[in-house]
> 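Here you go, one structure.
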Amino acid sequence: MGAIIGKENLASIQSVTDNIPGLTTYQCAILGLDTAGKTTVLYRLKFDQYVNAAPTIGFNCEKIRCPGGKSKGTTFLMWDVGGQDKLRPLWRSYTRCTDGIIFVVDSTKVDRLEEAKLELLKICKTHKQSQIPVLILANKQDLPVAIDADKVEASLGLKELGPSAPWHLQATCAVTGEGLDEGMDILHEMILSNRRRRRQNASNHIGPPKPQRRKVRRSQSTYH
Ligand code: G3D
Ligand code: MG
């Protein structure tokens, strides 16, 4: 005989599975302007080595398992979506049901930071309601012309995003993998606290059962 799982039970099952690494696979979209380093980040996380990939036409998808830190064993299904302006309208479909977003920024392209800022703002506005956590990677920090993470943060106007978008900015080099594990740990933490908040909101909306009302015919019709 099948049992019916109510919303409250489902929420408590989720809170248990969230704490067992590998039991839940989180969905994550990797976004950012073209050539920021999204695909390099994806393959660095997947294979723990540098892969020189061709420009992405469409998307790449990989299941990755965090190797260390607090998020050790946590699995993510990563969607790396092309960043050319013609492909950006697709981002919306990839972020609709996602648990987290990784937004990759090329820290050497100062002249493209305004464009990156507008795209990031658009994403955060679209998901204001669900408050999807965003991990921003100030990438290519190995290159001498890269501006530091504080300057990237100021240029993207992250402080102006407000409480509707939980975010964290991490300095990275996707070629060597520096900064990626730390960033993934924080993204994982932000996802867990967002899920806890959503469960809390959902359980607040489950009130006591409503009294049954007698059916009353409120209108009559002459229409046959
Ligand atoms: P995208 O998927 O965002 O379009 P890619 O970007 O991952 O394809 O990377 C674009 C180029 O940037 C690649 O070089 C890649 O090797 C390089 N790159 C990515 N991350 C870093 C980084 O952290 N440091 C440095 N130095 N280079 C990086 P090519 O030469 O293939 O264009
Ligand atoms: Mg790519």
Side-chain angles (χ1 to χ4, degrees), residues 18-19 21 24-33 36-38 40-42 44-46 64-81 83 91 94-95 97-109 112-114 116-142 146-198:
D18 271 353
N19 289 314
T24 307
T25 298
Y26 301 104
Q27 303 281 329
C28 184
I30 308 181
L31 308 176
L33 305 186
K38 301 178 293 297
T40 312
V41 166
L42 175 74
R44 183 85 230 177
L45 289 169
K46 173 77 183 173
I64 67 124
R65 189 179 277 265
C66 293
K70 281 186 233 153
S71 57
K72 188 175 177 184
T74 307
T75 48
F76 284 89
L77 192 62
M78 297 273 185
W79 300 86
D80 155 36
V81 193
W91 289 2
Y94 287 91
T95 52
C97 297
T98 198
D99 293 294
I101 293 169
I102 297 178
F103 191 86
V104 188
V105 177
D106 183 340
S107 315
T108 68
K109 298 242 171 83
R112 294 196 79 190
L113 284 174
E114 186 60 27
K117 174 184 175 170
L118 294 177
E119 293 297 344
L120 179 60
L121 200 65
K122 232 188 269 177
I123 299 167
C124 294
K125 271 194 182 157
T126 310
H127 300 291
K128 214 161 104 190
Q129 221 53 26
S130 38
Q131 299 187 8
I132 298 173
V134 186
L135 170 69
I136 300 125
L137 303 183
N139 196 34
K140 306 197 185 180
Q141 287 292 316
D142 56 307
I147 58 166
D148 66 27
D150 288 344
K151 285 196 184 127
V152 175
E153 183 181 318
S155 306
L156 294 177
L158 295 179
K159 297 239 161 70
E160 297 154 33
L161 285 180
S164 62
W167 59 268
H168 172 76
L169 184 130
Q170 178 72 44
T172 55
C173 167
V175 170
T176 60
E178 232 178 304
L180 284 182
D181 287 352
E182 292 90 328
M184 289 309 294
D185 269 358
I186 294 168
L187 179 65
H188 181 223
E189 267 173 33
M190 291 195 293
I191 289 173
L192 290 183
S193 68
N194 192 37
R195 284 164 75 98
R196 275 196 295 271
R197 181 190 59 80
R198 280 155 81 157

> Is there a side-chain contact between Leu161 and Leu121, using heavy atoms and a 4.5 Å cut-off?
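Yes, their side chains come closer than 4.5 Å.
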
> The criterion is ring pair (Phe, Tyr, Trp, His ring centres under 6.0 Å); which residues satisfy it with Phe76, sequence neighbours excluded?
Tyr26

> For Ser71 versus His188, what's the shortest heavy-atom pair and its separation?
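Result for this residue pair: CB-ND1, 3.5 Å.
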
> Checking side chain to side chain donor-acceptor pair (under 3.5 Å) for the pair Thr98/Gln27: CA distance, chi angles, key distance, verdict?
CA-CA 5 Å; Thr98 198; Gln27 303 281 329; 6.0 Å; no

> For the atom pair CD1 (Ile147) and CG (Asp106), what is the distance rounded to the nearest 0.5 Å?
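That separation rounds to 10.0 Å.
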
> Please report the interatomic distance CD1(Ile64) to CZ(Arg44), rounded to the nearest 0.5 Å.
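Result: 12.5 Å between the selected atoms.
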
> Under 4.5 Å between any side-chain heavy atoms of Ile101 and Pro133, yes or no?
no

> On a heavy-atom basis, which atom in Val81 and which in Lys38 lie closest, and how many Å separate them?
O-CE, 3.3 Å

> Apply side-chain contact (heavy atoms from CB on, under 4.5 Å) to the pair Arg197 and Asn194, showing each step before the final yes or no.
CA-CA 5 Å; Arg197 181 190 59 80; Asn194 192 37; 2.7 Å; yes

> Test of understanding: with side-chain hydrogen bond (donor to acceptor under 3.5 Å, both in side chains), list the residues that count as partners of Asp99, not counting sequence neighbours.
Arg195

> Are any of the side-chain heavy atoms of Cys28 and Met78 separated by less than 4.5 Å?
yes

> OH of Tyr94 to CG of Leu31: how many Å apart, nearest 0.5 Å?
10.5 Å

> So which atom in Ile132 and which in Gly100 form the shortest heavy-atom distance, rounded to 0.1 Å?
CG2-CA, 3.8 Å

> With rounding to the nearest 0.5 angstrom, report the OG1 to CD distance, Thr108 to Gln141.
9.5 Å

> Any heavy-atom pair between the side chains of Val105 and Leu156 that's under 4.5 Å?
yes

> Which pair of heavy atoms, one from Ala138 and one from Ser107, lies closest together, and at what distance?
C-OG, 3.1 Å

> Please test Asp80 against Val41 for side-chain contact (heavy atoms from CB on, under 4.5 Å), starting from the C-alpha separation and ending with a verdict.
CA-CA 9 Å; Asp80 155 36; Val41 166; over 6 Å; no

> If we only count heavy atoms from C-beta on, is the Leu135 to Leu137 side-chain gap below 4.5 Å?
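A side-chain contact exists here, since the closest heavy-atom pair is under 4.5 Å.
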
> Could you list the residues that satisfy ring pair (Phe, Tyr, Trp, His ring centres under 6.0 Å) with Trp167, not counting sequence neighbours?
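By the ring pair (Phe, Tyr, Trp, His ring centres under 6.0 Å) rule, Trp167 matches no residue at all.
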
> side-chain contact (heavy atoms from CB on, under 4.5 Å) between Arg112 and Lys117: does it pass, once the steps are laid out?
CA-CA 9 Å; Arg112 294 196 79 190; Lys117 174 184 175 170; over 6 Å; no

> Mind checking what makes side-chain hydrogen bond (donor to acceptor under 3.5 Å, both in side chains) contact with Lys70, not counting sequence neighbours?
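Lys70 satisfies side-chain hydrogen bond (donor to acceptor under 3.5 Å, both in side chains) with Glu189 only.
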
> Tell me, do Ile102 and Leu187 make a side-chain contact under 4.5 Å, heavy atoms counted?
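With C-beta onward as the side chain, the pair touches.
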
> Do you know the tightest heavy-atom contact between Thr95 and Ala29?
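Nearest heavy atoms, Thr95 then Ala29: CG2-CB, 4.2 Å.
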
> Roughly how far, to the nearest 0.5 Å, is the CG atom of Leu118 from the CD1 atom of Ile123?
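Between atom CD1 of Ile123 and atom CG of Leu118 there are 11.0 Å.
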
> Only counting residues at least two apart or in another chain, list the ones meeting side-chain hydrogen bond (donor to acceptor under 3.5 Å, both in side chains) with Trp91.
none

> Could you give me the CA-CA distance, side-chain angles and deciding distance for Leu158 and Leu169, then say whether side-chain contact (heavy atoms from CB on, under 4.5 Å) is met?
CA-CA 9 Å; Leu158 295 179; Leu169 184 130; 3.7 Å; yes

> Of the non-hydrogen atoms in Ala36 and Val104, which two are nearest, and what is the gap between them?
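Closest pair (atom of Ala36, atom of Val104, distance): CB-O, 3.4 Å.
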
> Does any part of the side chain of Glu178, heavy atoms only, come nearer than 4.5 Å to the side chain of Thr172, both counted from C-beta?
no

> Does Leu180 reach the side chain of Leu45, with side-chain heavy atoms less than 4.5 Å apart?
yes

> side-chain hydrogen bond (donor to acceptor under 3.5 Å, both in side chains) with Thr40: which residues, sequence neighbours excluded?
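With sequence neighbours excluded, Thr40 shows a side-chain hydrogen bond (donor to acceptor under 3.5 Å, both in side chains) to no residue whatsoever.
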
> Can you measure from OG (Ser193) to CZ (Arg198) and round to the nearest 0.5 angstrom?
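Answer for the OG-CZ pair, Ser193 versus Arg198, is 11.5 Å.
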
